[in-house]
Each structure stands twice: as C-alpha cells, then as structure tokens.
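Below you'll find the structure, written out as structure tokens, and then a few comments.
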Amino acid sequence: MKIGIFGGTFNPPHLGHLAAARAAIDVLGLDKLLIIPAAIPPHKELPEGTPASGHRLAMAAKLADALLLPGVAEVSPMELERQGKSYTSDTLEALHKQYPEARLWLLMGTDMFLTLHLWHDPETILKRAGICAFGRTEQDGEAVFAPQREHLQKSFPKADITTITLPGLVDISSTKLRELLAKGEGAEYLHPCVYGYILMKGLYGTRADLKHLDIPELRACSYAMVQEKRVRHIRGTEEEAVRLARRWGANEDYARRAGILHDCTKYLTGEEHIAICEQYGVPLDDLERTAPKLLHSKTGACMARHIFGEPDEVYEAIFWHTTAKADMTVLEKILYVADYMEPNRDFDGVERLRELAYQDLDKALLLGVETTIQEMRERQLPIHSNTAQAQAWLRDHGVTTEG
Ligand SMILES: [Fe+2]
Ligand SMILES: [Fe+2]
C-alpha cells in the first residue's frame, strides 16, 4: 500500500493544494492520501487572524472531499491533537507504527524541499518516507530540484526522491490569498466548497453579508454545506429550473436561487434537522418525526429564508420540493420537476418526464408525484399526506399523464 502524506497549515487550503494532491495521487499511484493540518509548524509562527484549528481541519476535510475519491483522500487530525510542536518526523514514526507494511510518501512544495535538510530530524524523515516534491511554476523545474536532490542523496544515501513540476498549477501563496480575502477578493484561488465555508464562518476578515450574496457566493455556500458528490445534481437542478422558468414565464432569478439552495441541508443529522425546525417554528408531522431525513426540504427552506435572506417564493419552492402539495405555484412546480429530471437523473421514464416538463408542466408534476407514490408502494414506505393531496388536486383539476 502506498500512502501519501500531505502536511501544511492549510491556512486556507486552495486550488494549488488540490492540484498537487491530484497529481501526487496519479504520479505515485497512491492508495491513500492523508491530508494532515499542522498544529504549530516548526519553521514558522501562525500569522495573526489564523482561524481556530477546528476550522483549518474542517477546510482540509473539504479539500479531501473535493477530490471525489472516497476511501482514498482523508483528513487526519493527528498533528492538531498532538501536544507541542508538529514535527514531521514524529508524524512519520506514528504512521509507520500504524501502517508498518505501507510505503509512505511525503509531499511538499519547492520551498519546503529546498530546506528539507534543515528540518527537525531529517534522517528519520528520509528513512521513513519517500519525498515527492512538486514545483508550482515552470521555473521550479529540474534546475532548481537537482542540486538539492543530489545534496540529500549524498547526506542520506537511502533517500528516495521524486520531483514533479506541475505547469499551469495555480500559483498563489497562502499569505497573498489571506490578504485578498480580507479585501473581498481571491475566490478564484479557492475550491467553492472551501470559499463557501470561509464566507459562512466569516474567516480571514471576509465579513460577507450572507443575506445579499451574489450567485457565485451563494453557490459556494450551498456547496460548502453538502458533500462534493451532490454538487453535480445541485448544479443540474439550478440550470434545469432556470430553463423551465424561462419556458413557463416564472422568475428566473428565484428559480436559480431555489435550485442552488434546495438540497443544502441534505447531509445534516436527524437531530440537526429537528433542531432547525424547532428554532424556526416549523411544525413536524409524525412521519417526519420518525424519519427526520425527510426534513431536508423544510430545513433547506429555513436556511434559504433565515440565513440567506431569500424571499417567500424561494422559501416555499424549497419547502415543497420533496413532497409536493395541493395547488402549487408555478415556481414550486418548476423546482419539483427540475429536481426530478435534471440532466444527471437517470431512471426509467425520465425521458418522458423531460418531454412533458416543456409541454405541460402540470402533467409533468403529476407524473413526478405518481412516480414517487409508485416507488413508495414498491418499497412499502408510507406516502406523505401532502404527496397524496398533490395527486388528488391535480386529478380533480382534470390533469392526466396521458398525451
Ligand atoms: Fe431534495
Ligand atoms: Fe435535489
């Protein structure tokens, strides 16, 4: 087993880190990549305004999730939990004990590589791990790496060193990035889920007004709240909802915002859902109390209204996007149908639903509702009363799924 170890302060983790992690996994053929935020780096003090270590750990976890390699990329709190200074040699000894059979690879940028001989206990480092240094710019090529590699190999004959230059790698220092963030800039250097986390927690002096975010910021906040694997679906729903709003004359901006936020609470725990409903006075029925995961539409609506300042129309569309209900507004129908048939959805009958969505929105809604009812029956799950009422209301109003 090959394990990559990616340490650093991750203050904050940015696109350069992400690209380096991806390249290392590919070039070294890693089975596992451990992203390990450092507690107190031996070679520098943490700059003022550095978020609490819990935030750096959370952002590093988002970086790991953004790689979309579950089971491969993981974050480890081992250095944050260890008392005193974070020495890489201690980390490698601990990992060697934990994974005695594994080949460890220590990843680092050019600056770190060029000073490696000055680190605490370089002998242990080079005994326990291979070194994978990556250059951040075209200039960080062989000419820079070769003398240091030779020097290290002379001093430590068993040293195993791989160097890679990643042309086009995002070249930004964390120091510069923190300065940009304090001025309300720098989003282009961050993965959206990390940027959204920074905005929502107000880190690095960002002070964003969450109730007046622009669309890219709203997306970032939504993506920061979910797992990366869900983002494609959210993006698809946003785009489909906007297309449907254009087709049916609804407010495109509301459709977009509802699409962006509709699943933002999807990964909360049952207790978290219930706490949000209690906080904002949303009544729960018996079915929802026993299966609080069903509540993500209601808690998502609460976040949209109370955290992001969205209007009632957006609140209601998100609120009803799972169950539907009798007598829905056009925007509510649009989000329900868009969520069902956005381009990443794939199930028997989705093509028919896509066709109907642009021909007759009520027929599409009824088809969606009846598909859900059918599925619930097959899985022997209870049908939500609002879903049954949606079906009855549409049928009473002469809607069918024929034609
Ligand atoms: Fe949903
Ligand atoms: Fe959804």
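Each ligand, and each atom within it, is numbered from 1 in the order the structure gives.
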Discussion item. Closer than 4.0 angstrom, basic N to acidic O: yes or no for Arg305 and Asp312?
Written reply: yes
Worksheet entry | Sidechain N-carboxylate O distance under 4.0 Å for Lys363, Glu355 | no
Response to the item:
Per residue Asp339, nearest N, O or S atom to the Fe ion (ligand 2) is named OD1
Worksheet item: Do the rings of Tyr340 and Tyr336 sit parallel, tilted or perpendicular, given the 30° and 60° boundaries?
Response: tilted
Discussion item. If I take every N, O or S atom of His262, is at least one of them less than 2.8 Å from the Fe ion (ligand 1)?
Written reply: no
Discussion item. If I take the Fe ion (ligand 1) as the centre, what angle separates the NE2 atom of His296 from the OD1 atom of Asp263? Nearest 10 degrees is fine.
Written reply: 90°
Worksheet entry | His233 backbone or side-chain N/O/S under 2.8 Å from the Fe ion (ligand 2) | yes
Response to the item:
Given the options Glu238, Glu310, Glu252, Arg257 meets side chain to side chain donor-acceptor pair (under 3.5 Å) only with Glu310
